[in-house]
Trainee: 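Next up is a structure, given as structure tokens.
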Amino acid sequence: MTAVAENDVKLECCIAGCGPAGAMLGLLLARAGLNVLVLEKHGDFLRDFRGDTIHPSTIEILDELGLAERFLALPHSEVSSLTARTPAGLDIDFSFRRLKTRFPFIAFVPQWDFLDFITDEAARYPGFQLQMNAEVVDLIQEGEIVRGVTYRDAGGEHAVRARLTVGADGRSSRTREAAGLRVIATSPPMDVLWFRLSRRPEEPETIAMRSGPVKAAILIDRRDYWQIGYIIPKGDSDKLRAAGLPAFRRTLGELIPDVADRVDELQDWDQVKLLTVRSDRLAHWYTCGYLAIGDAAHAMSPVAGVGINVAIQDAVVAANVLWEPLRRGRISTRDLARVQRQRELPVRLTQAVQVVIQQMFFKAVLTSVKPPLVPQMVLRALLGVPVVNDLPARFVAFGIRRPHVESPALATPVEQPTAI
Ligand SMILES: Cc1cc2nc3c(=O)[nH]c(=O)nc-3n(C[C@H](O)[C@H](O)[C@H](O)COP(=O)(O)OP(=O)(O)OC[C@H]3O[C@@H](n4cnc5c(N)ncnc54)[C@H](O)[C@@H]3O)c2cc1C
């Protein structure tokens with residue numbers, strides 16, 4: 001065990017990246033009375049590829065922080081059950097209504113609204129600082145110990161020292177690379193083409209999954225447009241492009257008849273972004289003075305849309321374990337190892353379940369081979385039994401292990417957030 005305490009350090013924690021993991025950890029540590037700086041490379045949170053699902057476990061965490069009511073006052077839609085169509089054309093229903101929770105639904109909130117909400121709340125605490133347009137470029141390392149980061153903004157390059165540096169900078173994490181942590185990759189065999197088509201006000205407010213025998217797409221309601229993710233076998237993007245945009249539009253119209261009348265809005269491949277799907281994990285989430293959480297520690301595939309919740313749960317556990325050592329001014333690798341120990345099994349099991357779902361629902365899309373009907377009929381019959389049906393619903397709603405907020409509220413908020 002190596003202690004990385006430095007008594008003259010004013011900043012207890014520097015967090016690289018303000019996605020769900022970094023924002024939530026910043027809020028919890030500032031609420032516990034610590035000085036925390038979050039560095040975010042973008043100037044805002046407005047990015048198309050972000051997922052929009054906030055699941056019951058995250059709303060429960062917000063409730064423990066006294067924020068659920070204000071969060072649910074944000075414009076959102078609620079979905080209490082989901083239907084997944086198997087490649088053989090069977091509909092399997094999942095319901096959250098029987099689960100023991102005050103919030104038996106998924107709230108669909110654009111992630112930029114969610115992140116604005118969390119960072120506005122964090123900004124009420126005097127210890128919280130968020131710097132946008134600040135890209136972390138490296139870790140400051142003295143021997144084996146990480147002492148902070150260097151980052152770049154419009155004013156040039158700067159150094160910031162902190163007792164603990166947290167990498168919450170997502171699946172292409174610069175900090176985990178700089179820390180030299182070993183990545184174990186289990187890449188899913190798929191990619192997603194991501195684009196927008198307009199949405200009419202009278203269309204249902206929801207998220208929808210459309211799958212044909214060998215194709216699948218997901219539609220996310222963003223009020224005046226649909227954000228559409230079209231699932232393709234990994235590496236097939238060039239083949240699709242070579243076949244031409246008219247062929248792509250035709251396929252799309254057949255797969256999603258709801259939007260067939262507006263596929264012509266796609267006039268250029270520049271409107272279609274390729275998102276490489278990745279699933280991996282670090283062998284060790286930490287080194288002396290540095291901890292990775294969220295996608296930086298374990299990139300989550302989009303399957304079942306659970307990555308945001310898993311990232312938030314990492315942040316809750318990191319704050320539960322680390323607030324006190326940080327406050328005492330002595331944080332050790334043993335503390336950081338405790339975070340990994342509490343989170344690693346839930347993350348690995350979640351990734352394993354994602355692989356199973358991927359096999360069940362996307363194998364046909366990825367291999368163009370229509371799967372046999374009988375096993376899917378057995379599955380549907382099994383899922384017709386309420387207690388069995390609750391298992392996938394519980395997985396999506398709560399994840400594998402549901403942490404609760406144990407870090408205290410020691411700081412006094414400086415002002416009430418603006419009324420919504
Ligand atoms: C196509 C796709 C769809 C998905 N859909 C869903 C969904 O619907 N629901 C769901 O729950 N999950 C979904 N996921 C997974 C989910 O997006 C992630 O698991 C989740 O966002 C992880 O949160 P995070 O905070 O760890 O990382 P991120 O959300 O990736 O946030 C990292 C942040 O760090 C910033 N950053 C990166 N590098 C630097 C740097 N060097 N310096 C400073 N800042 C930096 C980034 O700008 C970003 O704001 C999806 C994933 C994919 C690929």
Side-chain angles (χ1 to χ4, degrees), residues 14-26 37-55 57-58 79 106-112 114-115 118-119 130-139 149-153 160 165-178 187-188 190-195 207 209 217-222 227-232 273-280 285 292-315 318 343 347 350-351 354 396-397 399:
C14 174
I15 301 172
C18 196
M24 181 56 85
L25 181 62
L37 170 67
V38 186
L39 298 168
E40 167 56 48
K41 73 174 174 183
H42 288 100
D44 56 40
F45 299 124
L46 292 169
R47 279 181 297 297
D48 276 344
F49 65 84
R50 290 183 176 279
D52 290 1
T53 55
I54 303 297
H55 296 209
S57 63
T58 294
V79 172
I106 293 181
F108 284 93
V109 180
Q111 203 185 112
W112 44 86
F114 176 70
L115 293 174
I118 297 293
T119 51
L130 168 63
Q131 193 167 334
M132 305 297 285
N133 289 312
E135 179 173 7
V136 172
V137 286
D138 211 346
L139 296 176
V149 301
T150 52
Y151 70 94
R152 199 184 293 131
D153 65 11
V160 57
T165 300
V166 174
D169 45 348
R171 60 206 190 114
S172 305
S173 169
R174 172 73 197 103
T175 57
R176 80 176 186 186
E177 189 192 329
S187 273
M190 63 194 202
D191 287 330
V192 179
L193 295 179
W194 213 232
F195 51 90
I207 190 165
M209 179 87 193
I218 191 148
L219 284 82
I220 301 173
D221 170 9
R222 292 261 171 84
Q227 183 68 48
I228 302 181
Y230 181 80
I231 294 153
I232 58 168
K273 305 267 181 305
L274 170 68
L275 205 64
T276 307
V277 173
R278 213 183 284 169
S279 172
D280 63 32
W285 295 20
I293 60 168
D295 270 21
H298 46 73
M300 302 302 286
S301 106
V303 170
V306 292
I308 296 168
N309 279 1
V310 172
I312 298 269
Q313 292 179 344
D314 283 1
R343 291 299 301 152
V347 166
T350 304
Q351 289 182 328
Q354 286 184 315
V396 173

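Indexing begins at 1, ligand by ligand and atom by atom, following the structure's order. Because the structure is predicted, anything quoted here is derived from the model rather than measured.
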Trainee: In ligand 1, which numbered atoms sit nearer than 4.0 Å to a non-hydrogen atom of G294?
Mentor: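 So the atoms of ligand 1 that pass are 26 (O).
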Trainee: Within the structure, is a non-hydrogen atom of L39 found at a distance of less than 4.0 Å from ligand 1?
Mentor: yes
Trainee: Give yes if a backbone or side-chain nitrogen or oxygen of M300 is under 3.5 Å from a nitrogen or oxygen of ligand 1, and no if not.
Mentor: no
Trainee: Geometry only, no angles: is D295 polar-contacting ligand 1 at N/O separations under 3.5 Å?
Mentor: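 Yes, at least one N or O pair falls under 3.5 Å.
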Trainee: Any nitrogen or oxygen of W194 lying under 3.5 Å from a nitrogen or oxygen in ligand 1? Just yes or no.
Mentor: no
Trainee: Would a 4.5 Å heavy-atom cut-off, applied to side chains only, mark W285 and H298 as touching?
Mentor: yes
Trainee: Ignoring hydrogens, just give me the one of I54, D44, V136 whose non-hydrogen atom is nearest atom 42 (N) of ligand 1.
Mentor: V136
Trainee: Do V160 and L39 have side-chain heavy atoms sitting under 4.5 Å apart?
Mentor: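 A side-chain contact under 4.5 Å exists here.
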Trainee: Under a 4.5 Å cut-off applied to non-hydrogen side-chain atoms, are D295 and M300 in contact?
Mentor: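 Yes; the side chains approach each other to less than 4.5 Å.
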Trainee: I'd like to know if the side chain of H55 and the backbone of G305 have a donor-acceptor N/O pair within less than 3.5 Å.
Mentor: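 Pair found, side chain donor or acceptor close to backbone of G305.
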Trainee: If you define the side chain from C-beta out and look only at heavy atoms, does anything of T53 sit under 4.5 Å from F108?
Mentor: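 Answer yes - side chains close enough.
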Trainee: Below the 3.5 angstrom mark, is there an N/O of G305, backbone or side chain, next to an N/O of ligand 1?
Mentor: yes
Trainee: I'd like the name of whichever of I312, V38, D169 reaches closest to atom 37 (C) of ligand 1 through any heavy atom.
Mentor: D169
Trainee: So is A168 close enough to ligand 1, meaning a heavy atom under 4.0 angstrom away?
Mentor: yes
Trainee: So, are D314 and R343 salt-bridged, with charged N and O less than 4.0 Å apart?
Mentor: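 Yes, charged N to carboxylate O under 4.0 Å.
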Trainee: Taking distance alone, with no angle check, do E40 and ligand 1 share an N/O pair under 3.5 Å?
Mentor: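 Looking only at distances, the answer is yes, because the N/O contact criterion of under 3.5 Å is met.
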Trainee: Quick one: does F45's side chain get under 4.5 Å of Q111's, heavy atoms only?
Mentor: no
Trainee: Show me which atoms of ligand 1 lie under 4.0 Å from any heavy atom of G19.
Mentor: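 Answer, ordered by atom number: 25 (O), 31 (O), 33 (C), 49 (O).
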Trainee: I need the atoms of ligand 1 closer than 4.0 Å to a non-hydrogen atom of A21, numbered in the order shown.
Mentor: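 Those of ligand 1 that fall under 4.0 Å from A21 are 25 (O), 26 (O).
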Trainee: Just to be sure I read this right, does ligand 1 sit under 4.0 Å from the backbone of A16, its side chain, both, or neither, counting only heavy atoms?
Mentor: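 It is neither part, as no heavy atom is under 4.0 Å.
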Trainee: Less than 3.5 Å apart, any donor N or O on the side chain of T58 or N309 sitting next to an acceptor on the other?
Mentor: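 Yes, side-chain donor-acceptor contact under 3.5 Å.
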Trainee: Side chains of R278 and D280, heavy atoms from C-beta outward: is any pair under 4.5 Å?
Mentor: yes
Trainee: Could you check whether any side-chain heavy atom of Q313 comes within less than 4.5 Å of a side-chain heavy atom of V347, counting everything from C-beta outward?
Mentor: no
Trainee: Can you tell me which portion of S301 lies within the under-4.0 Å heavy-atom range of ligand 1? Options are side chain, backbone, both, or neither.
Mentor: neither
Trainee: Distance under 4.0 Å to a non-hydrogen atom of H42: what atoms of ligand 1 satisfy this?
Mentor: 47 (O)
Trainee: At a non-hydrogen distance cut-off of under 4.0 Å, which region of V310 contacts ligand 1 (side chain, backbone, both, or neither)?
Mentor: neither
Trainee: Out of P302, G17, C18, who is nearest to atom 50 (C) of ligand 1 when you count heavy atoms only?
Mentor: P302
Trainee: Using non-hydrogen atoms of the residue, decide whether A134 is closer than 4.0 angstrom to ligand 1.
Mentor: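 In this structure, A134 qualifies as a contact of ligand 1 - some heavy atom is under 4.0 Å.
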Trainee: Need the ligand 1 atom indices (1-based, order shown) with element for anything under 4.0 Å from a heavy-atom of E135.
Mentor: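 Near E135, meaning under 4.0 Å from one of its heavy atoms, ligand 1 has 41 (N), 42 (N).
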Trainee: Could you tell me which atoms of ligand 1, counted from 1 in the order shown, lie closer than 4.0 angstrom to a heavy atom of L275?
Mentor: 1 (C), 2 (C), 53 (C)
Trainee: Any idea which part of I308 is under 4.0 Å from ligand 1, heavy-atom wise: side chain, backbone, both or neither?
Mentor: both
